[in-house]
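Structure record follows, encoded as structure tokens.
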Amino acid sequence: MVYTRSRITKSVRDTLDSHGYVEVETPMLNLVHGGATARPFATHLNAFDQDMTLRIATELYLKRAVVGGIERVYEIGRVFRNEGVDSTHSPEFTTLECYEAYADQFTMAERMKEIILNVADVMGTRRIETPEGTIDLDGEWKWIGVYPGLSEAVGEEITPDTPLERLLEIGDAHGVKTDPLWTQEKAVIELFGEIVEPTLLNPTFVYDYPPSAQPLARPHREDPRLIEAWDLIIGGMERGTAFSELIDPVVQRERLTEQSRLAAEGDDEAMALDEDFLRALEYGAPPMGGIGLGIDRLVMLFTQAGIRETILFPLLKPEAN
């Protein structure tokens with residue numbers, strides 16, 4: 001597994017390098033956690049008597065690098081999220097994040113497809129056998145909208161105007177554990193993830209999400225009720241995500257302010273408001289697209305192993321004395 005992971009990671013780097021991307025390193029210790037909705041690990045810097053967190057994503061620093069003139073940039077590195085541990089989640093894991101100026105979600109979809117197909121060629125096959133069936137990477141990579149996909153699965157039309165009460169009823173009818181404190185958008189996202197996502201065996205770009213799914217994505221160019229973002233589902237599991245990046249500092253401040261409000265109300269996974277990031281956008285960010293890809297989940301896809309088997313030294317529960 002160690003050698004397999006090394007070959008896969010090298011292939012990812014080779015693909016990006018061939019397109020003129022520059023690999024960089026960004027800080028693991030953050031004053032403000034952001035770039036994802038996740039619970040951070042808290043720590044303290046004695047030298048400054050300053051509370052800090054371990055990074056939950058590399059996104060905000062990489063976008064600042066694009067503002068600084070590095071128009072194609074990426075990082076492969078560890079991130080840390082103080083959340084659950086199971087066969088698909090680890091508190092520390094490795095991600096690829098890359099950003100490209102003057103690109104959008106469709107540009108990044110082509111980048112993602114090329115990355116995965118090149119890994120498949122390194123592994124010697126574009127067909128992956130799983131207990132659920134054969135994944136054919138040479139087949140069609142479909143695009144499914146969140147609302148149309150959920151509508152088809154539940155047998156009735158779901159739109160951004162569908163009442164929360166009805167969504168909760170649908171969830172209960174399909175055996176989904178619901179929460180009356182969800183927002184309407186949260187309910188749509190959760191229902192899609194529980195009802196539709198596990199059925200998507202072959203590569204599928206799930207797109208046209210409601211805004212709360214990705215606070216850092218730009219508004220949809222045709223429907224302001226949506227954002228330009230997708231998740232790539234293969235084998236019933238999210239493998240990566242991408243979006244046309246939000247570069248308007250006014251809208252971004254509104255989104256992060258709303259995240260701060262959620263945090264104040266007790267949401268441990270909400271983002272914090274990052275003034276340095278907002279200042280960078282105010283200087284002027286070019287239109288850009290970005291990708292987030294879990295290296296561990298990429299290895300899991302091609303080896304059909306659990307996440308702990310893909311990590312050389314996984315975090316395990318201490319043995320009892």
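The ring of Trp230 has its center no closer than 6.0 angstrom to the ring center of Phe106.
Under 3.5 Å, the side chains of Asn118 and Ser11 contain no donor-acceptor pair of N or O atoms. Inspection of the His89 and Arg297 side chains reveals an N or O donor paired with an N or O acceptor under 3.5 Å. Between His220 and Asp223, the side chains place no donor N or O within less than 3.5 Å of an acceptor N or O (distance only, hydrogens not considered).
Contact record, Pro314 with Ile311: CD-O, 3.2 Å, taken as the closest heavy-atom pair. Nearest heavy-atom pair, Val299 versus Thr303, reported as atom, atom and distance to 0.1 Å: O-OG1, 2.7 Å. Minimum heavy-atom separation, Leu256 to Asp274: CD1-N, 4.2 Å. For the pair Gln259 and Met271, the tightest heavy-atom approach, listed with the atom from each and the gap, is OE1-N, 2.9 Å. Here the shortest heavy-atom pairing between Met108 and Cys98 reads CE-SG, 4.0 Å. Leu226 and Tyr147 get closest at one heavy-atom pair: CD2-CE1, 3.6 Å.
Atoms CD1 and CD1, from Ile8 and Ile295 in turn, are 8.5 Å apart once rounded to the nearest 0.5 Å. His44 NE2 to Leu29 CG: the interatomic distance, rounded to the nearest 0.5 Å, is 12.0 Å. In this structure, OH on Tyr102 lies 13.5 Å from OG1 on Thr107, to the nearest 0.5 angstrom. Atom CD of Glu132 is separated from atom OG1 of Thr199 by 11.5 Å, given to the nearest 0.5 angstrom. Between the CG atom in Leu164 and the CZ atom in Arg166 there is a gap of 12.0 Å [rounded to 0.5 Å]. Note: Thr15 OG1 to Tyr21 OH = 11.0 Å, rounded to the nearest 0.5 Å.
Using a distance-only test at 3.5 Å, with no hydrogens or angles considered, no donor-acceptor pair links the side chain of Glu238 to the main chain of Ile233. Formation of a donor-acceptor pair under 3.5 Å by the Gln252 side chain with backbone atoms of Pro215 is found in this model. Side chain of Glu83 to main chain of Arg39: a donor-acceptor pair is present (N/O by atom type, distance under 3.5 Å, no hydrogens or angles). Between the side chain of Arg55 and the backbone N or O of Arg78 there is at least one donor-acceptor pair closer than 3.5 Å. Remark: side-chain polar atoms of Thr26 are not paired, donor with acceptor, to backbone N or O of Val24 under 3.5 angstrom. Judged by distance alone, the side chain of Ser90 and the main-chain N or O of Glu92 form a donor-acceptor pair under 3.5 Å. Checked by atom type and distance alone, the side chain of Thr257 pairs as donor or acceptor with a backbone atom of Arg253 at under 3.5 Å. A donor-acceptor pair is defined here as one N or O able to donate and one able to accept, closer than 3.5 Å; no such pair exists between the side chain of Arg239 and the backbone of Leu232. With hydrogens and angles ignored, the 3.5 Å screen pairs no side-chain donor or acceptor of Asn46 with any backbone N or O of Asp49. Remark: the backbone N or O of Leu191 is not paired with any side-chain donor or acceptor of Glu194 at under 3.5 angstrom.
More than 12 heavy atoms of other residues, nucleotides or ligands lie within 6.0 Å of CD in Gln304, so this atom counts as buried by the packing criterion. Environment of CD in Glu275: crowded, with over 12 heavy atoms of neighbouring residues, nucleotides or ligands closer than 6.0 Å. Within 6.0 Å of atom CD in Glu25, 12 or fewer heavy atoms from other residues, nucleotides or ligands are found, so the atom counts as exposed in its surroundings.
Between Arg111 and Glu100, at least one side-chain N (NZ, or NE/NH1/NH2) sits under 4.0 Å from a carboxylate O, which counts as a salt bridge. The pair Arg225-Glu185 fails the salt-bridge criterion, with no side-chain N (NZ, NE, NH1 or NH2) lying under 4.0 Å from an Asp/Glu carboxylate O. Of the charged side-chain nitrogens involved, none lies within less than 4.0 Å of a carboxylate oxygen, so that Glu258 and Arg255 do not count as a salt-bridged pair. The residues Glu97 and Lys63 are annotated as not salt-bridged, no charged nitrogen and carboxylate oxygen being separated by less than 4.0 angstrom. Salt bridge status for Asp136 with Arg126: absent, with no side-chain N to carboxylate O gap under 4.0 Å. Under a 4.0 Å N-O distance rule, the pair Asp104/Arg221 qualifies as a salt bridge. Between Lys113 and Glu110 there is no salt bridge, since none of the side-chain N atoms of the basic residue sits less than 4.0 Å from a carboxylate O of the acidic one. With salt bridges taken as basic N to acidic carboxylate O contacts below 4.0 Å, none links Lys177 and Glu190.
The hydrophobic clustering, which links ILVMFWY residues whose side-chain heavy atoms are closer than 4.5 Å, places Ile247 and Val73 together. Met237 and Leu137 are not part of a single hydrophobic cluster, where members link through side-chain heavy atoms under 4.5 Å apart. In the hydrophobic clustering of ILVMFWY residues, with side-chain heavy atoms under 4.5 Å counting as a link, Ile227 and Leu150 come out together. In the hydrophobic clustering of this structure, Ile116 groups with Leu96; members are Ile, Leu, Val, Met, Phe, Trp, Tyr whose side-chain heavy atoms approach within less than 4.5 Å, directly or through other members. Put simply, Leu60 and Val66 are part of two different groups of oily side chains (I, L, V, M, F, W, Y) that touch within less than 4.5 Å, one to the next.
A heavy-atom distance below 4.5 Å is not found between the side chains of Thr204 and Ile234.
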Would His19 and Glu114 count as a side chain to side chain contact (heavy atoms under 4.5 Å, CB included) if you check the C-alpha gap in whole Å, the side-chain angles of each, and the deciding distance to 0.1 Å? CA-CA 11 Å; His19 286 284; Glu114 182 180 0; 2.7 Å; yes
Would Gln105 and Ser244 count as a side-chain hydrogen bond (donor to acceptor under 3.5 Å, both in side chains) if you check the C-alpha gap in whole Å, the side-chain angles of each, and the deciding distance to 0.1 Å? CA-CA 5 Å; Gln105 63 171 337; Ser244 305; 4.9 Å; no
Check the pair Glu228, Phe243 against side chain to side chain contact (heavy atoms under 4.5 Å, CB included), reporting the backbone distance first and the verdict last. CA-CA 6 Å; Glu228 296 196 356; Phe243 33 95; 5.6 Å; no
Pair Asp296, Arg5 - check salt bridge (charged side-chain N to carboxylate O under 4.0 Å, His left out), show working. CA-CA 8 Å; Asp296 313 276; Arg5 183 183 177 109; 2.9 Å; yes
Let's go through Asp231 and Thr241 carefully: what are the C-alpha distance in whole Å and the side-chain angles of both, what is the deciding distance for side-chain hydrogen bond (donor to acceptor under 3.5 Å, both in side chains) to 0.1 Å, and is it a yes or a no? CA-CA 4 Å; Asp231 287 336; Thr241 188; 2.7 Å; yes
For Val32 and Leu273, what are the C-alpha separation, side-chain angles and deciding distance, and is it a side chain to side chain contact (heavy atoms under 4.5 Å, CB included)? CA-CA 7 Å; Val32 180; Leu273 195 150; over 6 Å; no
Output, in order, the C-alpha distance, side-chain angles, deciding distance and verdict of side chain to side chain contact (heavy atoms under 4.5 Å, CB included) for Phe192 and Ile158. CA-CA 11 Å; Phe192 188 96; Ile158 306 296; over 6 Å; no
Trace of the side-chain hydrogen bond (donor to acceptor under 3.5 Å, both in side chains) decision for Asn30 with Thr53: CA-CA 5 Å; Asn30 290 175; Thr53 64; 5.1 Å; no
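Residues satisfying the side-chain contact (heavy atoms from CB on, under 4.5 Å) test with Arg13, not counting sequence neighbours, are Thr9, Asp17, Glu23, Tyr74, Ile76. Residues satisfying the side chain to side chain donor-acceptor pair (under 3.5 Å) criterion with Arg127, sequence neighbours excluded, are absent altogether.
Using the six-membered ring where Trp is involved, Phe41 and Phe80 have ring planes that are perpendicular, over 60° apart on the 30 and 60° scheme.
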